[in-house]
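Encoded as structure tokens, the structure appears first; notes follow it.
Below, read A as the first sequence line, B as the second, and so on, with proteins coming before strands; counting in each chain starts at 1. Everything quoted here is computed from the prediction, not taken from an experiment.
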There are 2 protein chains.
Amino acid sequence: MKNMREKILTVATQLFESRGIHASGVDTIIAESGVAKATLYKYFPSKNQLIIEYLREKSNRFYAWINEKLADKKGDSQEVLFELCNLYEQWITTPEFNGLPFHIGSVEFPDPAHPVHHYSVELSNELQHYLSELAAIAGIKDAQTLGQQLTIIFEGGAMIERLSPDSGAARRAKNAAITLIKASI
Amino acid sequence: MKNMREKILTVATQLFESRGIHASGVDTIIAESGVAKATLYKYFPSKNQLIIEYLREKSNRFYAWINEKLADKKGDSQEVLFELCNLYEQWITTPEFNGLPFHIGSVEFPDPAHPVHHYSVELSNELQHYLSELAAIAGIKDAQTLGQQLTIIFEGGAMIERLSPDSGAARRAKNAAITLIKASI
DNA sequence: TAACATTCAGACAGACCTGTTCGCTTTTTT
DNA sequence: AAAAAAGCGAACAGGTCTGTCTGAATGTTA
């Protein structure tokens, strides 16, 4: 087998998101993925590192997806921002969506000095920078402010959509974001 | 001693918020609070119940505080909503603020069937109902929508303010909320 | 087919988990 | 001051945690 690493990461991802990180022991991860313990520790030097790889992988997937979808819209004045809102709604209403991974990381490891918490904060900041840059490209004056406000709505909306899936949170978050964008033009 | 229960709850609260719930063992809680294990299990039949009492206590405190501050403003047309935004910013920028407790509960216990998760969702819904009713009293037409949108912003802002305390998230969340309120009048 | 690398199952260490039960001591009430 | 209640420390049960190591069984390459 060549994709041991991938298989382990896939199983770990499912377990982390369905049971939580602390509640998913290494023994469970190797049992579910049919892998020896030594193999896991060969590809991931520690559970912390496995968690961080999980966060990174999820983040990469998100940006790859949204950048592809947004590729032809960029620079198209404010249109890119409105399309972003649609994609956001689409993303968090997908059945596979289980909350933002870096929320799990930062909550389960509240100590700011912990590598998992630290990396989670980095990912949240990365999202903020991404959205701010998108706003800047779209010609928003105070792009920094709108970027962070969109981050706030997106993270809050993701949280509530996961807690109460059929409450309409995703659409209302999208609409709130649109209102904010229009107000900042 | 008469306030054993309170002491246990206080220590548990601090531990839950600084280390996380799963990472705070019963042994640690009793050691920090100088209480015998049997005493803890007399006041709280299980750790789950202790967690739920922690969530309830924190929630009660919040509503008591905000209702007191808002008492004279209620019914004062939209003024109550703007004051609410100020209080919100105040609340999450307090040094004692460590994130929304029901976020911790829902993330650390992702299984919807788990009592802690279930109660956490209840608390998030309660916040939403509270804000919706406030909006209704203030005369907002679609109070349900504004209520949930404010919830989204408040929860998202709380999250990011905790992750990046000095990024201005609290103020921008407040301003976003104000923009949304004005847009819905 | 022979040499090499990888993966396997499982034991092991040392620590921690929740919850129960035990006498013994302290505090409160009558 | 005597009786009742409450709390203490400590041990116990049965399980789980991360991480290391071993020898045997696979798989790959030459």
Side-chain angles (χ1 to χ4, degrees), chain A residues 1-55 104-105 107-111 113-120, chain B residues 1-55 104-105 107-111 113-120:
Chain A
M1 282 282 175
K2 184 69 187 67
N3 33 356
M4 298 265 109
R5 211 192 105 104
E6 198 185 339
K7 172 175 270 183
I8 295 168
L9 205 45
T10 302
V11 169
T13 296
Q14 286 169 345
L15 285 172
F16 289 165
E17 300 194 344
S18 65
R19 305 189 191 179
I21 297 179
H22 280 115
S24 302
V26 173
D27 284 327
T28 309
I29 296 171
I30 64 166
E32 298 263 320
S33 48
V35 155
K37 193 180 267 194
T39 306
L40 184 149
Y41 276 98
K42 183 195 167 193
Y43 289 107
F44 306 95
S46 68
K47 191 190 175 184
N48 277 347
Q49 204 55 42
L50 172 59
I51 298 165
I52 286 175
E53 297 292 326
Y54 147 67
L55 295 175
I104 306 177
V107 167
E108 289 221 38
F109 299 87
D111 179 6
H114 194 285
V116 171
H117 185 96
H118 189 264
Y119 190 65
S120 299
Chain B
M1 281 282 172
K2 185 72 189 66
N3 34 356
M4 299 264 109
R5 212 192 104 104
E6 198 184 340
K7 174 176 268 180
I8 295 169
L9 205 45
T10 302
V11 169
T13 296
Q14 285 168 346
L15 285 172
F16 288 163
E17 300 194 344
S18 66
R19 304 188 192 180
I21 298 178
H22 280 115
S24 303
V26 172
D27 283 326
T28 310
I29 296 171
I30 64 165
E32 297 267 315
S33 48
V35 154
K37 194 180 267 195
T39 305
L40 184 148
Y41 277 97
K42 183 197 167 191
Y43 288 108
F44 307 94
S46 68
K47 190 189 175 185
N48 278 347
Q49 205 53 43
L50 172 60
I51 299 165
I52 286 175
E53 297 291 327
Y54 148 65
L55 295 175
I104 306 176
V107 167
E108 289 222 38
F109 299 87
D111 179 5
H114 193 286
V116 171
H117 185 96
H118 188 264
Y119 191 65
S120 298

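- A:Phe109 pairs in a ring-ring contact (aromatic ring centres under 6.0 Å, His included) with only one of the listed residues (A:His22, A:His118, A:His117), which is A:His22.
- For the pair B:Arg5 CZ and D:dA6 C1', the computed distance is 17 Å after rounding to whole Å.
- Distances were taken from every side-chain heavy atom of A:Val35 (C-beta onward) to each of C:dC8, C:dT18, C:dT21; the shortest belongs to C:dC8.
- Of the listed nucleotides (D:dC8, C:dA9, D:dC17), C:dA9 has the atom at the smallest distance from the side chain of A:Ala36.
- Of all nucleotides listed (D:dC17, C:dT18, C:dT7), C:dT18 comes nearest to the side chain of B:Val26.
- Remark: P of D:dT16 and CD1 of A:Ile21 are 20 Å apart, rounded to the nearest angstrom.
- Regarding A:Lys42, its NZ atom lies at a distance of 10 Å from the P atom of C:dC8, rounded to whole Å.
- Closest to the side chain of B:Tyr41, from the set D:dG7, D:dG19, C:dG19, is C:dG19.
- Remark: of the listed residues A:Leu15, A:Thr13, A:Ile21, A:Thr13 is the sole one forming a side chain to side chain contact (heavy atoms under 4.5 Å, CB included) with A:Glu17.
- The interatomic distance linking A:Lys7 (NZ) with C:dT7 (C1') rounds to 12 Å, in whole Å.
- Separating the CZ atom of B:Arg19 from the P atom of C:dC16 is a distance of 11 Å, rounded to the nearest angstrom.
- Put simply, CE on A:Met4 is 15 Å from P on D:dT26, counting in whole angstrom units.
- Residues A:Ala23 and A:Ala38 both approach DNA chain D. Their nearest nucleotides, taken by heavy-atom distance, put A:Ala23 toward the 5′ side.
- Side-chain atoms of B:Lys37 stay outside donor-acceptor range of the base of D:dG9, with no qualifying N/O pair under 3.5 Å.
- For C:dT6, the OP1/OP2 oxygens have no side-chain nitrogen or oxygen of A:Thr39 closer than 4.0 Å.
- If you check distances only, the side chain of B:Lys47 never reaches the base of C:dG19 with a donor-acceptor pair under 3.5 Å.
- What separates CD1 of B:Ile30 from P of C:dT18 is a distance of 10 Å, to the nearest Å.
- Contact between the side-chain N/O atoms of B:Tyr43 and the OP1/OP2 oxygens of D:dG7 is found at a separation under 4.0 Å.
- What separates CG of B:Asn3 from C1' of C:dT27 is a distance of 14 Å, to the nearest Å.
- Distance from the side chain of A:Asp27 is smallest to D:dT18 among C:dT7, D:dT18, D:dC8.
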